[in-house]
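Data block below; observations after.
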Amino acid sequence: MASSLPKPYLPLGNATILRHTIEASYHHPQIQQIQVVIHQEDEDLYQKATQGLHLPPPVYGGENRQASVKHGLEALAAHAPSHVLIHDAARPFVPASLIDALLQALTTHEAVIPTLPVTDTLKHVAKNHVTHTQDRASLHAAQTPQGFAFPLIHKLHQHATHTHHTDDSALAEASDYPVHIVPGSKTNIKITTEEDYMLAQSHYQNHTVKTGLGFDVHAFDKEDTTTKTLRLCGIDIPAPHPLQGHSDADVALHALTDALLGTLAAGDIGEHFPPSDPQWKNADSTQFVEHALALLRAQNARLEHIDLTLICEQPKITPHKPTMREALSTLLGLPLASISLKATTTEGLGFTGRGEGIAAQALATVRIQQQEAHHAH
Ligand code: MG
């Protein structure tokens, strides 16, 4: 690579390769934790690359890939996960559908890897000359993530101290454990050479940017004089009265949910969570946002930025802005720099001016990756 930066920290669009790789599974509802393994000297680069993401501290790698994976597994062992997906930092374009396929296969197999049949004709070469042609009929190229029952792969790594395999599946194979395959993805390229990096950049540029707008209003519940707080942006702030609503009435998160749905032309919050449905009574509105984020993920859409405006005379929003932005950062997996939160009044005019309720406007910007638009071979 021409750059002096280690590969995972090379820029790809407005983030690093590593961040794109993490985000490919960060919002997946079945992925509970992501443990990153880094070079010790890359700690500063790592912190910068993962700003706004909520991850356990990274662990430091070993002298080769196998040793590094082992360190990662040791860190996860404390949580006793049932399964683990082991992934290369340099594969940022894992489609959500591939993660789904691996997790589905892990319900009936202990070791599952994605592979693609080799389509190029393979030659044995010595001294710049072809010696013979390899029959490729049974040859597949292995990708990551590779999925395993956690106790199995943990045990294999603990016992494999004198070997050095280039993937984790090889440890299972060496111990005669059956390794199941699912179809890999041509977009799931591993960035190894300068040419791969250029391909990744062109793939990343092959996207559509879309925006969505959301708007919502909730009235104060003036009959409730005992609650003394209301919910905004997922946090409770002091207020004379709470807001009225079927759910927790978080007007900001409702506007935000509609903005996210708007980027996908996926209807509105009322269609996804009908107020007539008793299961959403007093619901925590963060789950509405999480639902919209899952829809984004399924479309390979990456949330890039939100701009939220709260409109009311009371309560005063400004003192709570830092806490609200932190809460939104956690909820959305976005750095603070991508979370704009503004507050305004309507100069005493209209329903907000009369102190009858709070209005919220939200704008969301997403980048939607084209599927299978580029072929690695
Ligand atoms: Mg609402």
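Whatever order the structure lists them in is the order used to number ligands and atoms, beginning at 1. If you're wondering where the values come from, they're calculated on a predicted model, not measured in any experiment.
- Counting only protein N, O or S atoms, the number found under 2.8 Å from the Mg ion (ligand 1) is 3.
- Aromatic ring orientation, Phe288 versus Trp280: perpendicular (interplanar angle above 60°, classes split at 30° and 60°).
- Ring-centre distance between Tyr60 and His71: not below the 6.0 Å cut-off.
- Ion pair Arg65/Asp167 not flagged as a salt bridge, since none of the NZ, NE, NH1 or NH2 atoms sits closer than 4.0 Å to an Asp/Glu carboxylate oxygen.
- Looking at Leu18 and Leu45, their side chains never come closer than 4.5 Å, going by heavy atoms from C-beta outward.
- In this structure, the side chains of Leu156 and Tyr177 come closer than 4.5 Å at one or more pairs of heavy atoms.
- Looking at every heavy atom in both residues, Lys222 comes nearest to Thr225 through O-CG2, 3.9 Å.
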